[in-house]
2 protein chains.
Amino acid sequence: MKIHQLRALVEIAATGSINGAARRLHVTQPAVTKAVRDLEDECGVRLLERNPWGVVPTAEGAALLQRARTVVRELERAGKTSRTSRAIAPASS
Amino acid sequence: MKIHQLRALVEIAATGSINGAARRLHVTQPAVTKAVRDLEDECGVRLLERNPWGVVPTAEGAALLQRARTVVRELERAGKTSRTSRAIAPASS
DNA sequence: CGGGCTTACGGTGTGCGTAAATATC
DNA sequence: GATATTTACGCACACCGTAAGCCCG
């Protein structure tokens, strides 16, 4: 269960395609494919339904997607918090 | 901003020492030291106050700690969700 | 001396990119 | 032929463990 895997899932859902997710994540398609595949392999569930025109989350994928969104969002906030701390830190003489 | 770094921060705060965190995380002390150091280096803030008898989170460390706890907790829930999906998935003929 | 943190060094594993293959329209 | 996904291969980076050093009681 790695972050980049959850991020991949989130972006795939957001764009409706692995290609689009790859663009957003600034990585190549195979990287995203492997990320979700590892995730599916890890939990033993098909997270995406592969269609010729793209992909759609399965019910299980959608369920995990909600969790993934929260994790990514909170991680984002953590990064923001660290930046804020960086701003107020210099005053801690 | 990696998960294991946040996890390290959480466990350090929980145990009050890098040594204790290492034990909980089933890794060695240097690994934990480097994890928090990388985190500090990344956000440019001293997260821990090093004392001879152990370490104590700084104000900035405490702030990030709250976020870190949330991230770790949510990630935990994500893993649990995947297990649940695994349980209900086989019925999706 | 003992306990705890840090630094340096080497190995191993993982994630990424490139290249090639398959399927649909 | 174009688009989208998947698989295979090789590489670079990051994490971890071991070993050695430093500080304080």
Side-chain angles (χ1 to χ4, degrees), chain A residues 1-58 60-62 64-65 68 71-72 75 78-79 82, chain B residues 1-58 60-62 64-65 68 71-72 75 78-79 82:
Chain A
M1 181 72 64
K2 305 289 182 64
I3 288 184
H4 75 276
Q5 295 170 349
L6 299 182
R7 232 188 267 268
L9 183 62
V10 170
E11 294 303 327
I12 287 172
T15 63
S17 76
I18 292 182
N19 198 337
R23 300 233 179 219
R24 281 215 194 177
L25 295 169
H26 305 294
V27 294
T28 56
Q29 293 159 10
V32 179
T33 294
K34 192 171 189 300
V36 296
R37 199 183 195 299
D38 288 348
L39 200 56
E40 288 176 325
D41 189 60
E42 180 179 341
C43 59
V45 182
R46 203 67 166 174
L47 264 33
L48 299 177
E49 189 161 359
R50 274 78 167 178
N51 292 320
W53 62 86
V55 296
V56 176
T58 63
E60 299 81 21
L64 183 56
L65 180 59
V71 173
V72 172
L75 189 63
S82 67
Chain B
M1 181 73 64
K2 306 290 183 59
I3 288 183
H4 75 277
Q5 296 170 348
L6 299 182
R7 232 189 267 269
L9 184 63
V10 171
E11 294 303 326
I12 287 172
T15 63
S17 75
I18 292 181
N19 198 336
R23 300 233 179 218
R24 281 214 194 175
L25 295 168
H26 304 297
V27 294
T28 56
Q29 292 160 12
V32 178
T33 294
K34 191 172 190 302
V36 296
R37 198 181 197 300
D38 287 349
L39 199 56
E40 289 177 325
D41 188 61
E42 180 180 342
C43 59
V45 182
R46 202 67 166 175
L47 264 32
L48 299 177
E49 189 161 359
R50 274 78 167 179
N51 291 319
W53 62 87
V55 296
V56 176
T58 63
E60 299 81 23
L64 183 57
L65 180 59
V71 173
V72 171
L75 188 65
S82 69

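No experiment lies behind these values; they were computed from the predicted model shown.
- Between A:Ile18 and B:Val27, the residue anchored closer to the 5' end of DNA chain D is A:Ile18, taking for each the nucleotide with the nearest heavy atom.
- Relative to the side chain of A:Asp38, the nucleotides D:dC15, C:dG15, C:dC5 differ in distance, and C:dG15 lies closest.
- The side chain of B:Pro30 has D:dA19 as its nearest neighbour among D:dC15, C:dC16, D:dA19.
- No side-chain donor-acceptor contact under 3.5 Å links A:Glu42 to the backbone of A:Lys2.
- The NE2 atom of B:His4 sits 13 Å away from the C1' atom of D:dC13 (whole-angstrom rounding).
- Side-chain N or O atoms of B:Ser17 include none that pairs as donor or acceptor with a backbone N or O of B:Gly54 at under 3.5 Å.
- Remark: B:Lys2 is in phosphate contact with D:dC15, judged by side-chain N or O atoms under 4.0 Å from OP1 or OP2.
- The CD-C1' distance, from B:Gln29 to C:dG2, rounds to 13 Å in whole Å.
- Atom CG in B:Asn51 sits about 10 Å away from atom P in D:dG25, given to the nearest Å.
- Straight-line distance from the CH2 atom of B:Trp53 to the C1' atom of C:dG3: 14 Å, rounded to whole Å.
- Taking atom CG on B:Asp41 and atom P on C:dT7, their separation rounds to 11 Å, with Å as the unit.
- We find that CZ of A:Arg50 is positioned 15 Å from C1' of C:dT22, with the value rounded to whole Å.
- Rounding to whole angstrom units, CG of residue B:Leu47 and P of C:dC5 are separated by 16 Å.
- Look at A:Thr33 and you'll find a side-chain N or O under 4.0 angstrom from OP1 or OP2 of D:dT6.
- With rounding to the nearest 0.5 Å, the separation of CD in A:Gln5 from CD in A:Glu40 is 10.5 Å.
- At whole-Å resolution of the value, CZ in B:Arg37 and P in D:dC15 are 14 Å apart.
- Across every non-hydrogen atom of B:Arg7 and B:Leu75, the tightest pair is NH2-CD2, 3.6 Å.
- Of the candidates D:dT18, D:dA4, C:dC5, the closest approach to any side-chain atom of A:Asn19 belongs to D:dA4.
- In this structure, A:Thr58 contributes its side chain and A:Glu49 its backbone to no donor-acceptor pair below 3.5 Å.
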